[in-house]
Every structure is written in structure tokens, then in C-alpha cells.
*Asks:* 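Supplied in C-alpha cells, the structure appears directly below.
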Protein chains: 2
Amino acid sequence: MNTPITVAIVEDKELIRQSLAILVDGADGFACQATFETAEAALDHLPGQCVDVVLMDIDLPGMNGIDCVRHLKQLCPTTQFMMCTMYDEDETVFEALKAGANAYILKRSPPHKLLEAITELHEGGSPMSSTIARKIASSFHISPTAPNELDVLTPREREILDRLSKGHSHKEVATELFVSPTTVRKHIFNIYEKLQVHSKVEAVNKYLGRK
Amino acid sequence: MNTPITVAIVEDKELIRQSLAILVDGADGFACQATFETAEAALDHLPGQCVDVVLMDIDLPGMNGIDCVRHLKQLCPTTQFMMCTMYDEDETVFEALKAGANAYILKRSPPHKLLEAITELHEGGSPMSSTIARKIASSFHISPTAPNELDVLTPREREILDRLSKGHSHKEVATELFVSPTTVRKHIFNIYEKLQVHSKVEAVNKYLGRK
DNA sequence: TAAAAAATCATACAAATGCGGTATTGTCGG
DNA sequence: CCGACAATACCGCATTTGTATGATTTTTTA
């Protein structure tokens with residue numbers, strides 16, 4: 001281990017922050033370079049000393065950890081972010097990934113797992129607990145249900161729905177398809193009935209497979 | 001270990017198939033219940049004896065492992081599928097997940113990791129090597145262009161846009177946020193100006209990063 | 001070929017929406 | 001302290017949209 005992996009910790013709870021710092025600093029090949037109690041503090045000081053890996057708590061007072069990552073990722077593009085949280089809630093996982101985090105682990109993970117994860121993350125991997133990976137994997141095969149729903153639509157209805165999904169209005173679609181606006185509206189109404197929705201946005205969401 | 005985890009293996013290469021079978025069968029708490037050389041053979045025989053976990057090679061002669069999973073998942077919804085492959089190619093990972101697989105590991109993984117992965121998969125996790133997880137994580141923040149556009153929005157505007165994206169109307173959003181409908185409309189108007197759009201669907205498309 | 005489904009068009013009404021202007025309040029940085 | 005900005009709110013108007021009812025013509029399919 002010539003050059004240790006430099007780590008920063010953002011965590012508001014004193015006890016956890018200290019524990020993590022000691023764990024990281026005590027291990028071979030790791031160096032805890034900074035700790036912060038808040039997202040704001042991290043945003044202030046981290047850009048100057050971009051570390052290799054940041055352990056980021058999500059539930060912080062003031063700005064939350066996800067928004068913090070979103071900003072830091074811009075300022076330190078090479079830094080890797082690992083979200084550390086107590087719970088594996090659906091929404092936050094995706095939000096964190098979108099924000100630029102590359103790892104997502106639970107605080108209850110055993111210490112050696114944590115260090116292993118830091119190493120993997122630093123080497124270009126994306127360690128995450130398998131329960132969290134499951135959430136992500138599941139988000140991919142939501143499609144087997146969706147296509148069935150669209151099967152009930154006629155080709156013409158799909159054609160119209162497709163244009164609606166591009167943000168076109170009744171009139172525009174009518175012009176494009178050389179039919180009367182009332183016809184288009186009738187089709188849209190039928191689409192709504194079949195998909196059990198009551199607005200364009202809902203219909204388009206179903207069409208594009210995002211619910 | 002009262003009831004062992006039942007496993008089936010689909011793999012065309014004799015040597016690998018045998019090795020896996022011996023590994024699984026020899027381990028405590030696992031039972032290799034069947035092995036198949038081809039996807040077709042698996043499709044013929046597996047539905048009758050739905051096992052807990054199927055190790056599926058991707059590169060099979062005839063039908064490939066991904067299509068095989070797609071079909072089997074319909075017939076055995078409770079069975080978990082683990083893709084085993086030599087390489088971690090981009091496309092196949094996503095295809096496999098979409099097809100219904102829940103784990104994706106490399107054949108070069110050490111035996112004990114494989115058994116561990118089978119257990120995790122059976123317990124509802126989604127084990128995957130961290131390099132593969134990285135590919136998936138990356139697919140979430142592929143939107144480096146979109147966030148810039150959304151940066152011009154205020155938090156409140158994003159909040160409102162988020163609710164619009166769920167198909168809520170002016171009034172509904174107003175109720176949810178405890179403000180007047182006219183306020184919401186004003187916000188929406190401002191959003192449209194900033195994003196240079198003229199309708200909900202267009203705004204939502206930009207927000208969700210698909211245009 | 002007869003029945004079912006799809007595509008077309010019309011009329012009508014209420015609600016939602018898009019667009020414009022104006023104004024008050026609070027916060028924050030310079 | 002001031003200016004910029006965000007959030008709040010109102011009014012008004014023209015248009016779009018969601019819903020309903022009804023009808024005609026083509027196409028598909030049983």
C-alpha cells in the first residue's frame with residue numbers, strides 16, 4: 001500500500017462519525033482526511049482537497065446528503081461517493097444514484113465490509129448491499145407488466161399516444177394525421193378509458209413505462 | 001439447514017456444468033436438482049419442477065440464456081435467476097435484468113462467492129459483482145445534460161414539477177402543498193419559461209430526462 | 001357473411017390550462 | 001440598506017382538454 005485511499009466522512013451523529021473515522025484511519029491503506037458534521041461544511045471545505053472517497057450520510061440536518069453529493073460531484077468529479085444510511089428506502093436509493101453516488105450501503109454493515117466496499121468503490125466498482133441491488137434490478141423489469149397494458153390499444157391509438165408523448169396538442173396531432181380534432185379527442189378519450197387514466201401526463205407516463 | 005436451496009444449472013460447456021453441479025451439490029444447504037445443456041431443454045423440463053434458483057449461462061447454442069429467462073420467468077415466477085457469464089458486457093446486463101434476472105455474476109468468481117450469492121439471491125437480495133453494479137448505477141446518472149437545465153429551477157418549482165410528473169393537476173398540487181391554485185399556476189408558468197416549453201407533457205419530459 | 005372492432009366526425013359543456021399583468025412579503029448577498 | 005430573487009396570491013381571457021352522447025363508415029375477424 002504505497003498511497004492510501006483518502007477518505008472524508010460527512011455524518012452528523014458524533015458517535016458514528018468518530019467510529020467511522022477511527023475505523024478508516026486505523027485500517028491499513030486508508031486515511032481519513034476530514035470529517036464534517038453537515039453538508040454545508042463539506043461543500044465549503046472538500047472542493048479544496050478532493051479526496052478519493054466520501055462516506056455520506058443521507059439524513060443530515062439542513063441540506064441532505066443527496067443534494068450535497070449532487071453539488072460535490074460537480075466540483076470533484078473524480079471523487080467517489082458512498083451513501084451510508086440506516087434504512088434502504090426506495091426513493092432515496094434512486095435519487096442518490098441519480099445525484100452521482102456510486103455506492104449505497106447500510107450502516108449496519110460490518111466494519112470489514114465497509115472497508116472492502118471503500119476499496120471496491122475506489123477501484124471502479126459499485127458496491128451495494130444485495131437488498132439495495134434488488135431494488136435497482138427490479139426497476140428494470142417493471143416492463144413485463146407495462147407492455148400488456150399497451151396491448152389493449154389499437155395501432156391508431158398508439159400512434160396518437162406516441163405523438164402526445166412528444167408534447168403535441170389535440171390540434172397538432174390532428175393536423176399531422178390529417179383527421180379532425182374531434183377524432184383525435186375521441187381516440188384520446190378511448191385511450192384514457194383503456195389505460196384507466198384521466199390526463200395526458202398519466203397516459204404518457206404509462207406509455208413510456210414510467211409509473 | 002432443514003430444506004436445502006434447490007438449484008438448476010443451464011450451461012452448455014460440459015466441464016463448467018459439471019463443476020458447478022458438484023460445487024452446489026457438495027455444499028451444505030444446497031441441492032442441484034437438474035442440469036441442462038441448452039435453453040430449450042430447460043424450457044421443456046423446468047416448469048414441471050420449479051426450483052429455487054437457476055444458474056443461467058448467457059452464451060448458449062440456439063436460444064440464448066436471456067431469452068430463456070424471459071420465458072421461464074413467466075412459467076416459474078417464484079424462481080430466481082442468476083446470470084453467469086464470462087464477460088460483463090454492457091448491453092447484456094440490462095437485457096438480462098429486463099428479462100427478469102435478479103443476479104448477474106462473472107464465472108471467474110470464487111466458489112464460495114458463488115454459493116454466497118445463491119443464498120443472497122434466494123433470500124431476496126440481488127447479488128452482483130461491483131463492476132456490474134457500477135454499470136447499472138451509471139445508467140442512472142447518464143443525464144449530465146438534463147440537470148443543467150433543471151438547475152435553473154428553484155426548489156419549489158422542482159417540487160411542483162415533480163408532482164406534475166406524477167400526473168397531478170394544478171388543484172391537486174395546490175392542495176398537497178397547501179397553497180392557492182393560482183400560485184401553483186404561476187409557478188408552472190415560470191417553469192415553462194425557464195425550460196422553454198409550453199405544456200405539461202413537454203415540461204415533464206424534460207424533467208424526467210427523456211426528450 | 002354477419003358480428004365485432006376500429007376509425008371517423010359532430011355537438012356540447014364544464015373544468016383545466018396557458019398566458020399576461022400586478023402586487024406583497026421574506027430572505028439573502030453585497 | 002438596497003436590489004435581486006423566491007414564494008405567495010389575485011384577476012382575466014382565450015384555448016385546450018376531459019367527459020358525454022350519438023352517428024357513419026371502414027376493417028377485421030369469427
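Numbers restart at 1 for each chain; the letters A, B, ... are given by sequence-line order, proteins then strands.
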*Asks:* A/E157 CD to C/dT8 P: how many Å, rounded?
*Replies:*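 Going from A/E157 (CD) to C/dT8 (P), I get 10 Å.
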*Asks:* Between the side chain of A/T79 and the main-chain N/O of A/V51, is any donor-acceptor distance below 3.5 Å?
*Replies:* yes
*Asks:* Please check the phosphate of C/dA7 (OP1 and OP2 only) for any side-chain N or O of A/T154 closer than 4.0 Å.
*Replies:*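 Affirmative; the distance criterion is met.
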*Asks:* With sugar-phosphate meaning primed atoms plus P, OP1 and OP2, does B/S169 contact a base, only sugar-phosphate, or nothing at under 4.0 Å between heavy atoms?
*Replies:* sugar-phosphate
*Asks:* Under 4.0 Å from OP1 or OP2 of D/dT8: is there any side-chain N or O of B/R156 that close?
*Replies:* yes
*Asks:* Kindly state which residues belonging to residues 170-182 of chain B come within less than 4.0 angstrom of DNA chain C, counting heavy atoms of the residue only, listed by number.
*Replies:*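 Heavy-atom cutoff 4.0 Å gives B/H170, B/K171.
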*Asks:* OP1 or OP2 of C/dC19 less than 4.0 angstrom from a side-chain nitrogen or oxygen of B/H198, does that happen here?
*Replies:* yes
*Asks:* Rounding to 10°, can you tell me the angle the first-five-pair axis of the helix from C/dT1-D/dA30 to C/dG30-D/dC1 makes with its last-five-pair axis?
*Replies:* 60°
*Asks:* Residues two or more places apart in sequence or in another chain: which of them pass disulfide (SG to SG under 2.5 Å) with A/C76?
*Replies:*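 Partners of A/C76 under the disulfide (SG to SG under 2.5 Å) test: A/C50.
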*Asks:* Could you tell me how far apart B/I188 (CD1) and D/dT8 (P) are, to the nearest whole angstrom?
*Replies:*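 Checked: the CD1 to P distance equals 13 Å.
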*Asks:* Measure from CG on A/N190 to C1' on C/dC9 and round the result to the nearest Å.
*Replies:* 13 Å
*Asks:* What is the distance, to the nearest angstrom, from the CD1 atom on B/I160 to the C1' atom on D/dA7?
*Replies:* 9 Å
*Asks:* Any side-chain N or O of A/Y192 less than 4.0 Å from the OP1 or OP2 oxygen of D/dT19?
*Replies:* no
*Asks:* For A/P47, which residues count as a side-chain contact (heavy atoms from CB on, under 4.5 Å) partner, sequence neighbours excluded?
*Replies:* A/L72, A/L75
*Asks:* Which parts of nucleotides 20-30 of chain C does protein reach within less than 4.0 Å, heavy atoms only, written one letter per nucleotide 5' to 3' as B for base, S for sugar-phosphate only and - for none?
*Replies:* S-B--------
*Asks:* Any sub-3.5 Å donor-acceptor pair from A/S109's side-chain atoms to A/I105's backbone N or O?
*Replies:*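 Side chain of A/S109 to backbone of A/I105, a donor-acceptor pair under 3.5 Å: no, none is there.
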*Asks:* Tabulate atom names and distances for all N/O pairs under 3.5 angstrom spanning the protein and nucleotides 28-30 of chain D.
*Replies:*
none

*Asks:* Using the salt bridge (charged side-chain N to carboxylate O under 4.0 Å, His left out) rule, collect all pairs that involve residues 117-130 of chain A, keeping only residues at least two apart or in two chains.
*Replies:*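 Not a single pair qualifies under salt bridge (charged side-chain N to carboxylate O under 4.0 Å, His left out).
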*Asks:* Taking only residues two or more places apart in sequence or in another chain, which ones pass side-chain contact (heavy atoms from CB on, under 4.5 Å) with B/T182?
*Replies:* B/S180
*Asks:* Kindly give the heavy-atom pair with the smallest separation between B/I58 and B/M83, and that separation in Å.
*Replies:* CG1-CE, 3.5 Å
*Asks:* Please test A/I9 against A/C32 for side chain to side chain contact (heavy atoms under 4.5 Å, CB included), starting from the C-alpha separation and ending with a verdict.
*Replies:* CA-CA 8 Å; A/I9 296 167; A/C32 180; 3.9 Å; yes
*Asks:* Could you tell me which residues satisfy salt bridge (charged side-chain N to carboxylate O under 4.0 Å, His left out) with B/E202, sequence neighbours excluded, listed by chain and number?
*Replies:*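 Scan of B/E202 (salt bridge (charged side-chain N to carboxylate O under 4.0 Å, His left out), adjacent residues dropped) gives none.
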*Asks:* For B/K13, is the NZ atom crowded, meaning more than 12 foreign heavy atoms sit under 6.0 Å from it?
*Replies:*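 Correct, the count exceeds 12.
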*Asks:* Rounded to whole angstrom units, what separation is found between the NE2 atom of B/H187 and the C1' atom of D/dC5?
*Replies:* 12 Å
*Asks:* Suppose the criterion is salt bridge (charged side-chain N to carboxylate O under 4.0 Å, His left out): which pairs have a residue in residues 15-27 of chain A, not counting sequence neighbours?
*Replies:* A/E14-A/R17, A/R17-A/E37
*Asks:* Roughly how many Å is it from CZ in A/R158 to C1' in C/dA6, rounded to a whole number?
*Replies:*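 Nearest whole value for this atom pair: 12 Å.
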*Asks:* Take atom CD of B/E202 and atom P of D/dT16, then tell me their distance rounded to the nearest Å.
*Replies:*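 Nearest whole value for this atom pair: 14 Å.
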*Asks:* State the NZ-NZ distance between B/K206 and B/K194, to the nearest 0.5 angstrom.
*Replies:* 14.0 Å
*Asks:* List the residues meeting side chain to side chain donor-acceptor pair (under 3.5 Å) with A/N190, not counting sequence neighbours, and say none if there are none.
*Replies:*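 A/N190: no side chain to side chain donor-acceptor pair (under 3.5 Å) contacts found.
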*Asks:* Could you tell me how far apart A/K200 (NZ) and C/dG18 (C1') are, to the nearest whole angstrom?
*Replies:*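 One finds 12 Å between C1' of C/dG18 and NZ of A/K200, rounded.
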*Asks:* So which pairs with a foot in residues 38-62 of chain A pass side chain to side chain donor-acceptor pair (under 3.5 Å), sequence neighbours left out?
*Replies:* A/T6-A/D52, A/D57-A/K107
